[in-house]
Structures are given as C-alpha cells and as structure tokens.
Amino acid sequence: MTPTLNLLGKRRFLPLFITQFLNAFNDNVFKMAMVMLATYTIYKDPEQDAFFNALAGGVFILPFFLFSALAGQLADSSDKARIARLVKTAEIFIMMVGAFGIYIHSIPLMLAALFAMGVHSSFFGPIKYAILPQHLGKDEVLAGTGLVEAGTYIAILAGTILGGLLPYQDAAIAVLVFAVLGRIAGQFIPAAPPEPDAPPLKIDWNILRSSWQQVSATMHIPRLFLAICSISFFWAIGAMLAAQFPPLVENVLGSDNTVATMFTALFSIGVAIGSIIINLLLKGKVSARFSPAAVIIMGLFVLHLWWIVSGWVPTPGSGEEGLLTWREFLAIGRGDWVLIDLLGIAVFGGIFVVPLYAFLTTTVSKSETARTVAANNIVNSGFMVVAAALLAGLTKLGFSVENTLLSVACACVIAAALAWKLHKACD
C-alpha cells in the first residue's frame with residue numbers, strides 16, 4: 001500500500017474514517033430518497049421540483065450557521081471521541097423521525113429530520129477535521145485529510161445510489177440500520193482529550209453572538225480569511241450544482257431518476273479522485289499552489305456544461321413518462337460530453353479544496369483547531385444558504401436551470417482569485 005493508504009490500517013485513523021464514512025453515507029441515503037420521493041412522486045411539477053431541491057439544501061445547511069460555534073467550543077474543550085459518540089447516538093433518534101416521514105410521504109417530517117441531521121453534522125464536522133492533527137503526524141495530515149474527503153465523496157456516491165434506487169419503504173429501514181452502524185464504529189475512536197492549553201468550556205447560548213465572535217476571532221488572520229473564503233466559494237458552487245441535478249436531469253435533459261443518480265455518483269467519484277491526486281502532487285506538503293489553476297479549470301468545465309445543456313433537445317425515451325433511462329442517455333453522443341464535464345468539475349474541485357482544509361488544521365495550534373474548523377463551517381454554511389436562496393430566487397423569477405450554471409462559473413473565478421492570494425501569501 002502507499003503511505004497514504006497505510007493510514008487505513010491504523011487504529012488512530014480507521015475508526016474515525018469509518019464513522020465519518022457512514023455519516024456521509026446515511027446523510028445521502030436519506031436526502032436522495034427524500035428528493036426522489038418529492039421529485040418523482042409527490043410534486044411532479046418542474047417549478048415545485050426546483051424550489052423543493054433548493055429549499056432542502058438550505059434547510060440542511062442552516063444548522064451549520066447556527067450551531068458550529070457551540071460545536072467548536074465543545075470539541076476544543078472536551079474529549080472529541082466522546083462527543084462523536086454522543087452525536088452518533090442522536091442520529092439514531094433523528095432517523096426514526098426521518099424514516100417515518102419517508103414512509104408516510106410527509107414533507108414537513110422529512111424536512112424536520114433533514115434540519116436535525118444538519119444539527120448533527122454541524123457538531124460532527126469540527127471533530128472530523130480537528131482530530132486529525134491530534135492523532136496523525138504533521139506529515140500525515142494532508143494524506144489523512146485527502147482520505148477523509150475521498151471517503152466522504154465515495155460515501156456520497158454509495159448513499160446517493162442507494163437512496164435513489166431503493167423503494168421508499170426500504171430506504172426508511174436503511175437509514176435506521178446505518179445510523180446504528182455509525183454509532184458502533186464511533187465506539188472505537190481513540191480518546192482525543194483537550195490540549196493542555198485549551199480554554200475552559202464556557203458556553204455562550206446566544207447563537208448569533210457566539211457565531212460572530214467565533215468568526216471574527218478567526219477571520220481577522222489574513223491567511224485563514226483567504227482559506228475560509230476560498231473553501232466557502234467551493235461549497236456554494238457545490239450546493240448550487242447538487243440542487244440542480246434532479247430538475248436538470250428531468251426537466252432539461254428529459255431523463256429519469258437513474259440518470260440523476262448517475263450524475264451525483266460521477267461527481268462523487270471525481271472529487272474522490274481529485275482528493276487523492278492532490279496528495280500525490282504535493283507529496284504530503286500542505287500548499288495552495290495548485291488551487292487557483294484547479295478552480296479555473298473547474299469553471300471552464302462548468303461553462304462547457306452550460307453550453308451543452310442550453311442547446312439540448314430532449315429525446316423521447318422508454319422510461320416512465322417518456323424519460324430516458326441511464327442506458328439510453330449514455331447512447332446519446334451529447335450525453336458523453338455532459339459526463340466528461342461533470343467528471344472534470346469534480347476532479348478539479350477535489351484538487352482545489354483538499355489542501356485548503358489541511359491548511360486550516362495545520363496552521364493553528366491543536367487547541368484551536370476545532371474552533372477554526374467551526375468558524376470555517378459557519379462561513380461555509382452562510383455561503384451555501386445564500387447560494388440556495390439565490391438559486392430558489394432565480395427559479396422563481398423564471399431563470400432556466402441551465403442558465404443558473406453561469407453564476408456557478410462566475411463563482412469559480414472569485415474562488416481562484418482568493419486561492420491565488422493565499423498561495424502568494426503563504427507558499
């Protein structure tokens with residue numbers, strides 16, 4: 001095995017890797033099952049489909065904005081492994097609500113469970129990254145971060161496929177089973193007590209004030225400001241693309257849910273590939289030197305995707321309501337270009353973002369890592385909520401799904417400028 005994959009054989013890394021893998025996997029089984037149920041069974045209306053997908057994205061991300069400051073305080077001042085186990089226990093109860101919502105086709109219950117899963121993930125997020133420099137050597141953090149990102153997107157792939165293809169009754173059972181498995185894996189994460197210089201735990205229950213203080217305490221440092229803003233633009237781009245996949249596939253490309261699942265799966269594979277490639281390019285050294293070029297190339301793939309889909313003329317298929325199946329979509333010559341564009345966007349997205357996460361966790365003291373990640377999550381979530389609101393607003397104003405891709409390409413240019421400044425300042 002390569003030195004990177006060797007980490008998967010270490011007790012100090014493997015249980016965390018499995019726990020975060022199952023976390024991302026179950027999130028996406030539930031989200032995809034919910035979106036497919038709403039898109040193909042409950043609504044069946046292009047405008048409502050697009051609005052619901054944007055709304056679901058905002059509902060899931062909002063808790064990161066509200067609760068990340070508290071999560072960072074807890075993680076830096078407590079045993080991170082213990083918090084992880086508490087969070088995974090809560091997931092079991094959340095998925096009980098979500099499973100019931102799926103079973104009875106209740107949009108309010110599904111959205112409530114989605115919000116609660118966002119709360120759950122906002123507490124697990126700082127732990128996932130902050131525990132790496134505590135359990136890994138400095139020359140292993142980039143590799144560990146790359147594996148976590150690759151594992152997350154492979155989990156998204158698997159969860160998306162399963163959530164998209166399972167009958168809704170089976171999906172309701174599956175999310176409960178995987179929540180239990182995640183809790184079992186979390187039991188084996190080694191202890192990660194607070195560092196000796198970690199501040200005592202003083203919880204500020206004023207969510208807005210604590211979030212503002214957490215962000216301002218981090219963002220005044222130029223290198224962290226640039227890294228966090230660059231990552232935030234990446235996640236805003238990702239949020240807009242993910243929300244567009246189901247309505248783009250059904251209403252523009254005239255294809256069924258198997259094609260939507262294939263798109264999300266391909267995107268996940270691409271980010272995982274990019275996460276591994278950047279570690280090989282940087283040879284374990286944390287640096288942003290490849291990030292500006294990577295996001296520019298990512299933007300070019302987005303532009304080409306816009307050009308392809310804006311001139312798309314749907315072809316009748318043999319699927320339900322005349323939609324194309326995934327096999328029929330692959331048989332269309334233009335379909336190949338769509339897949340190439342999606343893969344290119346994802347691979348270069350992974351190359352762009354992985355070193356920036358490693359940068360966050362290695363340029364601050366270990367006693368501040370979780371709060372730094374929490375500040376990043378707050379800003380990320382703010383960008384993603386704005387992106388979801390922008391997408392929902394554009395669709396309400398009558399903008400076509402394909403034309404909203406142009407705003408994604410513009411965001412890539414801004415992210416490249418920020419990453420270039422970070423590279424010049426720190427590398």
Side-chain angles (χ1 to χ4, degrees), residues 12-13 15-17 19-20 23-24 61 63-88 90-91 118-138 140-142 144-145 147-149 152 186 189-207 209-221 223-225 227-228 231-232 235 286 353-382:
R12 55 198 168 95
F13 182 75
L16 174 69
F17 178 84
T19 303
Q20 66 84 28
N23 181 77
I61 295 305
F64 287 85
F65 180 77
L66 297 176
F67 301 111
S68 287
L70 175 59
Q73 295 171 44
L74 285 172
D76 272 339
S77 303
S78 311
D79 188 320
K80 299 174 183 63
R82 179 173 175 270
I83 297 175
R85 288 189 276 272
L86 290 173
V87 167
K88 300 312 291 181
E91 182 184 3
V119 175
H120 155 276
S121 295
S122 71
F123 278 86
F124 188 72
I127 294 170
K128 180 173 72 174
Y129 290 107
I131 207 169
L132 293 177
Q134 197 166 356
H135 283 168
L136 304 181
K138 190 171 183 180
E140 296 176 318
V141 172
L142 180 62
T145 303
L147 283 174
V148 166
E149 286 297 304
T152 296
I189 298 175
E195 296 292 323
D197 59 337
L201 180 60
K202 294 181 179 179
I203 297 177
D204 184 353
W205 295 105
N206 186 317
I207 293 174
R209 181 176 60 205
S210 61
S211 297
W212 173 255
Q213 290 175 344
Q214 187 67 72
V215 171
S216 60
T218 303
M219 296 290 278
H220 76 279
I221 303 171
R223 67 182 189 277
L224 296 180
F225 173 86
I228 289 173
I231 294 170
S232 296
W235 283 113
V286 178
V353 78
V354 166
L356 301 182
Y357 271 108
F359 183 88
L360 284 183
T361 59
T362 57
T363 58
V364 297
S365 67
K366 293 179 181 179
S367 62
E368 299 176 355
T369 306
R371 282 169 292 162
T372 302
V373 174
N376 172 69
N377 288 347
I378 293 170
V379 179
N380 290 176
S381 63

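The nearest pair of heavy atoms linking Ser68 to Ala374 is O-CB, 3.1 Å. The two atoms that bring Pro126 and Gly72 nearest to each other are CG-N, 4.4 Å, heavy atoms only. Taking both residues in full, the closest heavy atoms of Gly125 and Val373 are given as O-CG1, 4.1 Å, listed atom of the first, atom of the second, then distance. Shown here for Ser78 and Ile83, the closest heavy-atom pair between the two residues is CB-CD1, 3.7 Å. Of all heavy-atom pairs spanning Val119 and Pro63, the tightest one is N-CB, 3.4 Å. Nearest approach of Ala81 to Pro190, heavy atoms of both residues: CB-O, 3.3 Å.
In this structure, Thr152 and Asn23 have side chains that are not in contact, with every pair of non-hydrogen atoms separated by 4.5 Å or more. For the pair Ile127 and Gln20, the minimum side-chain heavy-atom distance is 4.5 Å or more. Under the 4.5 Å side-chain criterion, counting only non-hydrogen atoms from C-beta, Leu16 is in contact with Leu132.
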Evaluation steps, side-chain contact (heavy atoms from CB on, under 4.5 Å), between Val354 and Leu142: CA-CA 8 Å; Val354 166; Leu142 180 62; 4.2 Å; yes
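Atom CZ of Arg223 has more than 12 heavy atoms from other residues, nucleotides or ligands within 6.0 Å.
Side chain of Glu140 to backbone of His135: no donor-acceptor contact under 3.5 angstrom is found. The main-chain N or O of Gln213 is found under 3.5 Å from a side-chain atom of Ser216 such that the two form a donor-acceptor pair. Counting only distance, with no hydrogens or angles, the side chain of Thr19 and the backbone of Gly186 share a donor-acceptor pair below 3.5 Å.
Distance check: Arg12 CZ to Ile131 CD1 gives 12.5 Å after rounding to the nearest 0.5 Å. Taking CG of Leu224 as the reference point, atom OG1 of Thr372 lies at 6.0 Å (rounded to 0.5 Å). Rounding to the nearest 0.5 Å gives a distance of 9.0 Å between CZ of Phe64 and CG of Asn380. Interatomic distance, Glu149 CD to Lys128 NZ, rounded to the nearest 0.5 Å: 6.0 Å. For the atom pair Phe123 CZ and Leu74 CG, the distance stands at 6.0 Å (nearest 0.5 Å). Atom CD1 of residue Ile189 and atom CZ of residue Phe13 lie 11.0 Å apart, to the nearest 0.5 angstrom.
Results of the side-chain contact (heavy atoms from CB on, under 4.5 Å) test with Ile228 over Asn377, Ile378, Leu360 single out Leu360 as the only residue that passes.
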